[in-house]
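The structure appears below as structure tokens.
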Amino acid sequence: MKILANDGISKSGQTALEIKGFTVDTTTVAQEQLANYINKNDIEVLLVRSATKVRQDLIDKTNLKIIGRGGVGMDNIDVEYAQNKGILVINTPASSSISVAEFVFAHLLSIVRNLHQSNRAMPLEGDSNFKGLKKAYANAFELRGKTLGVIGFGRIGIEVVKIALGLGMSVKVFNIEPVTKTIELNFYDGQKLNFEITSTTLQDVIENSNYITIHVPSQKSYIIGKDEIARMKDGVVIINTSRGGVVDEKALVDAIEEGKVLGAALDVFENEPTPEMGLLMNQNLSLSPHIAGSTQEAQDRIGTELASQIIEFYQK
């Protein structure tokens with residue numbers, strides 16, 4: 001059986017498949033040439049991440065048996081249409097949760113300690129204006145004792161809460177379905193602590209959090225818009241590593257310029273992969289190119305999880 005990993009696959013995942021007799025092709029095929037390549041090479045399984053789109057026209061032109069998404073969100077795949085055509089659609093929802101959660105705090109710590117700005121300024125002025133930069137960026141904040149608002153209490157939200165608790169923060173969590181979850185913190189020496197976290201209202205999270213991070217699927221409308229920002233605490237920090245379009249970017253920039261929002265971190269964008277220049281040039285934003293889940297450990301887990309699902313399908 002032939003598998004095309006069009007956006008790549010970890011060595012561990014590829015090895016697991018090849019041991020079972022699968023042929024894994026890691027060629028990156030351009031979107032417009034994909035259907036022809038699949039048919040010409042008798043591909044039965046197509047593995048993608050976020051770059052490759054699997055829409056109805058591609059599904060209709062090929063005879064795929066499995067479409068696999070390395071990661072959580074599947075908005076680049078016409079999932080229901082594929083399933084109605086008898087194609088198995090798989091993903092790896094748990095594999096990158098830790099990576100994304102750690103990335104949230106990489107951005108948050110960067111903002112509250114002004115690293116996102118000083119990293120830009122030091123190469124330009126570090127030798128000529130050291131004291132000036134030191135004065136400008138010394139006005140910073142600690143996370144301990146602050147409240148982190150988490151919108152979305154799925155796998156990633158849980159990992160975010162774990163880190164926040166470990167840093168001595170309090171947490172407020174909103175979930176579309178009210179829920180209580182027991183969060184287990186595991187320490188290096190085998191000790192464990194359990195915390196019971198009950199979700200609250202979106203209004204409570206928005207109005208009473210110092211920092212807000214979003215972990216939801218693609219939405220039809222903004223979760224954080226002008227009205228929601230207006231109800232937030234002054235000096236709030238907003239972090240979006242979920243999907244572009246859940247935060248109103250114009251309202252966010254306006255609020256930063258007005259001093260309402262201290263700063264924000266964006267790993268995803270409304271106009272991805274061509275973010276607005278106004279975002280890219282705003283020094284109060286900590287920005288990254290959709291890499292929250294991209295660690296070597298996550299890629300290994302993604303590859304092996306996809307491999308196990310494919311192997312299970314063909315062994316039935």
Side-chain angles (χ1 to χ4, degrees), residues 7 31 48-56 69-82 89 91-93 96-97 99-101 103-104 106-108 111 148-157 160 173-177 201-203 205-206 209 211-232 236-258 260-261 263-282 284-294:
D7 297 333
Q31 186 76 49
V48 303
R49 294 213 66 195
S50 57
T52 303
K53 312 301 180 187
V54 189
R55 301 301 182 199
Q56 292 185 17
R69 163 72 161 96
V72 182
M74 294 198 290
D75 38 311
N76 58 318
I77 301 171
D78 286 338
V79 176
E80 186 175 351
Y81 187 81
V89 182
N91 68 338
T92 58
S96 59
S97 299
S99 299
V100 175
F103 198 72
V104 167
H107 268 303
L108 180 54
I111 291 172
L148 180 69
V150 181
I151 299 176
F153 201 24
R155 294 177 179 89
I156 295 173
V160 168
V173 172
F174 169 75
N175 199 63
I176 194 68
E177 295 290 336
T201 64
L202 182 59
Q203 180 175 343
V205 169
I206 287 173
S209 299
Y211 314 116
I212 296 173
T213 178
I214 307 165
H215 304 285
V216 298
S218 181
Q219 304 288 308
K220 294 181 179 179
S221 59
Y222 299 127
I223 291 178
I224 300 297
K226 181 178 180 180
D227 293 342
E228 288 75 22
I229 293 173
R231 300 205 306 269
M232 293 178 184
V236 69
V237 173
I238 300 169
I239 303 163
N240 183 20
T241 58
S242 58
R243 286 290 179 268
V246 302
V247 175
D248 183 338
E249 293 172 353
K250 183 181 184 306
L252 177 63
V253 170
D254 288 345
I256 289 173
E257 292 177 350
E258 293 165 2
K260 174 70 176 181
V261 174
L266 299 176
D267 185 54
V268 291
F269 303 88
E270 290 187 65
N271 294 324
E272 192 172 324
T274 54
E276 296 292 338
M277 188 57 64
L279 296 175
L280 300 179
M281 300 301 293
N282 192 307
N284 290 305
L285 291 175
S286 182
L287 304 173
S288 52
H290 203 155
I291 55 171
S294 299

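Computed over heavy atoms, backbone and side chain alike; hydrogens, waters and symmetry mates excluded.
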TODO: Verify, without hydrogens or angle tests, whether N284 (side chain) and G263 (backbone) share a donor-acceptor contact under 3.5 angstrom.
DONE: no
Open item on the list: Could you check whether H107 and S288, counting side-chain N and O atoms only, form a donor-acceptor pair closer than 3.5 Å?
Closed with: yes
Task: Heavy-atom donor-acceptor pair, T92 side chain to G71 backbone, under 3.5 Å - done: yes
Task: Heavy-atom donor-acceptor pair, K260 side chain to M232 backbone, under 3.5 Å - done: yes
Open item on the list: How about CD1 on I291, more than 12 heavy atoms from neighbouring residues, nucleotides or ligands closer than 6.0 Å, or not?
Closed with: yes
Task: Among K53, R69, R243, R55, salt bridge (charged side-chain N to carboxylate O under 4.0 Å, His left out) partner for D75 - done: R243
Got a list of side-chain donor-acceptor pairs under 3.5 Å for residues 211-219, not counting sequence neighbours?
unit_1 : atom_1 : unit_2 : atom_2 : d
T213   : OG1    : H215   : NE2    : 2.7
Q219   : NE2    : P217   : O      : 2.9

Task: Main-chain N/O of F153 paired with N175 side-chain donor or acceptor, under 3.5 Å - done: yes
- [ ] Could you go through the side chain to side chain contact (heavy atoms under 4.5 Å, CB included) check for L252 and I224 one step at a time?
- [x] CA-CA 9 Å; L252 177 63; I224 300 297; over 6 Å; no
Open item on the list: Assess the residue pair E276 and M281 against the criterion (side chain to side chain contact (heavy atoms under 4.5 Å, CB included)); give the C-alpha distance rounded to whole Å, side-chain angles, the decisive distance to 0.1 Å, and a yes or no.
Closed with: CA-CA 9 Å; E276 296 292 338; M281 300 301 293; over 6 Å; no
Task: Chi angles and distances behind the side chain to side chain contact (heavy atoms under 4.5 Å, CB included) call for I238, I229 - done: CA-CA 9 Å; I238 300 169; I229 293 173; 4.3 Å; yes
Open item on the list: Donor-acceptor check, side chain of D78 to backbone of Q56, threshold 3.5 angstrom: yes or no?
Closed with: yes
Task: Presence of salt bridge, K250 and D254, under 4.0 angstrom - done: yes
TODO: Mark yes or no for whether N91, through its side chain, and G73, through its backbone, hold a donor-acceptor pair below 3.5 Å.
DONE: no
